[in-house]
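Taking it in order: structure first as structure tokens, then the write-up.
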Amino acid sequence: MGEHTTSNRLAVDQPTRGADRNQAFADQADPATDEMLLPQLDDGITLLDVEGGRGVPILQSLVLDHLLLHDGPAFWVDANGHATTTTLAQITPSQRLLNRIHVARGFTAYQHYGAVCDLPSAVNQSIQTSTADTRATDRRASDRDEDTSPHTPALIIAPAVDAQYRADDTLGGAHAKTLQARTLARLATYADGYDIPVLVTRAQRDDFTAPVATVADHHLECEQTRMGPRVVGEDFETLVYPVDDGAYYQTTFAYWRQLLAARATQVGVEPTTPTPSTPTPEGVGTGVTADGETVAATADPLLDAWTATGAGGR
């Protein structure tokens with residue numbers, strides 16, 4: 001009994017529900033079952049809380065995994081540089097996935113709220129463009145959700161949904177709360193109207209962001225552990241991932257990439273993006289707002305046409 005290794009003890013003690021499902025997908029080139037690599041994003045607002053950091057790779061992995069399983073574009077209302085091309089390009093198993101992500105950026109509270117308000121117009125424009133392109137109808141993979149369309153939205157993302165409202169010095173406390181509440185109300189309307197998931201995060205957990213938790217239909221929590229990020233939801237739990245030699249994978253950046261590559265193989269998406277030999281920094285370049293302020297920003301390979309037609313900063 002005393003001769004058992006730590007690895008053996010872990011194999012006995014760890015639950016098998018989430019770990020075995022995830023590793024089975026990573027080990028199989030053509031999985032026969034339809035279980036989860038990452039937590040499934042259901043219709044309605046999903047709040048992702050990440051302990052100990054912004055959790056950009058985790059957020060982006062959830063987005064890309066959802067797009068692999070569902071047709072249609074994603075609309076991303078960004079704050080604080082979460083829509084980074086460096087990490088997205090490293091994680092994604094196919095560059096074509098990035099072409100389906102439309103990004104708007106708000107550098108002030110009013111710009112962020114304006115981008116959320118303008119989202120239906122961006123959706124309509126995307127539908128007109130995609131329906132005019134007959135090649136879009138050939139994009140469906142046999143294992144994807146048959147109820148989704150390549151033209152209508154598949155997902156809305158609003159990371160750090162509170163960031164601009166708490167940081168804007170031109171807003172009083174009451175006004176900031178009101179504007180944030182209106183943003184959340186519109187996101188809830190879009191989730192209901194389009195019958196899709198809306199994925200949000202918050203920069204801080206406090207009284208100001210209590211309404212974000214209240215409006216959320218689903219809640220995912222990510223805890224940073226010695227073994228890597230651990231995600232817990234209503235029907236999902238990530239602990240550690242056993243491999244053939246009895247060791248354990250850490251849920252690191254490389255592991256998110258491996259899971260997404262396995263998912264891409266499952267749905268018949270051919271990889272088109274080479275794996276970089278060295279990590280790249282998380283910086284996203286710079287841009288200039290209408291007020292002349294230099295800010296973090298990026299364009300390709302994400303589609304920023306939504307931002308190009310709006311007011312400054314969106």
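The first residue in the sequence is number 1, and the count goes up from there.
- Contact annotation: the side chain of Leu119 approaches that of Tyr194 to within less than 4.5 Å [non-hydrogen atoms, C-beta and beyond].
- Counting only N and O atoms by type, the side chains of Thr129 and Ser126 include no donor and acceptor under 3.5 Å apart.
- The salt bridge (Lys or Arg N to Asp or Glu O under 4.0 Å) search around Asp49 returns Arg202, Arg205, not counting sequence neighbours.
- Arg186 meets the salt bridge (Lys or Arg N to Asp or Glu O under 4.0 Å) test with no other residue; sequence neighbours excluded.
- Applying the salt bridge (Lys or Arg N to Asp or Glu O under 4.0 Å) criterion to Asp207, with sequence neighbours excluded, gives no partner residue.
- By the 4.5 Å heavy-atom criterion applied to side chains, Ile156 and Trp76 are not counted as neighbours.
- You'll find the side chain of His112 reaches within 4.5 Å of the side chain of Val116, heavy atoms only.
- Atom CG of residue Asp169 and atom OG1 of residue Thr108 lie 11.5 Å apart, to the nearest 0.5 angstrom.
- In this view, Asp168 and Thr170 satisfy the side-chain hydrogen bond (donor to acceptor under 3.5 Å, both in side chains) rule, not counting sequence neighbours.
- Not a single donor-acceptor pair under 3.5 Å links the side chain of Asp162 to the backbone N or O of Thr209.
- Partners of Asp42 under the side-chain contact (heavy atoms from CB on, under 4.5 Å) rule, at least two apart in sequence or in another chain, are Gln40, His218.
- Remark: Asn124 CG is packed, more than 12 non-hydrogen atoms of other residues, nucleotides or ligands lying under 6.0 Å away.
- For Asp217, the side-chain contact (heavy atoms from CB on, under 4.5 Å) partners are Ile45, not counting sequence neighbours.
- Under the 3.5 Å distance criterion, the side-chain polar atoms of His219 are left unmatched by any main-chain donor or acceptor of Ala216.
- A donor-acceptor pair shorter than 3.5 Å cannot be found between the side chains of His151 and Thr131.
- Using modelled atom types, one finds a donor on one side chain and an acceptor on the other under 3.5 Å when comparing Thr87 with Gln60.
- Taking Glu51 as the reference, Glu223 meet the side-chain contact (heavy atoms from CB on, under 4.5 Å) condition, with sequence neighbours excluded.
- No side-chain heavy atom of Val200 sits less than 4.5 Å from a side-chain heavy atom of Pro159.
- Two residues are said to be in side-chain contact when any heavy atoms from C-beta on lie closer than 4.5 Å; Leu64 and Leu88 meet this criterion.
- Listed by chain and number, the residues in a ring pair (Phe, Tyr, Trp, His ring centres under 6.0 Å) with His66 are His70 (sequence neighbours excluded).
- By the side-chain hydrogen bond (donor to acceptor under 3.5 Å, both in side chains) test, Thr46 is found to be paired with no residue, residues two or more places apart in sequence or in another chain being considered.
- With sequence neighbours excluded, no residue satisfies salt bridge (Lys or Arg N to Asp or Glu O under 4.0 Å) with Arg182.
- Listed by chain and number, the residues in a side-chain hydrogen bond (donor to acceptor under 3.5 Å, both in side chains) with Thr178 amount to none (sequence neighbours excluded).
- With sequence neighbours left out, the side-chain contact (heavy atoms from CB on, under 4.5 Å) criterion links Leu184 to Val161, Gln180, Pro211, Val212, Val215.
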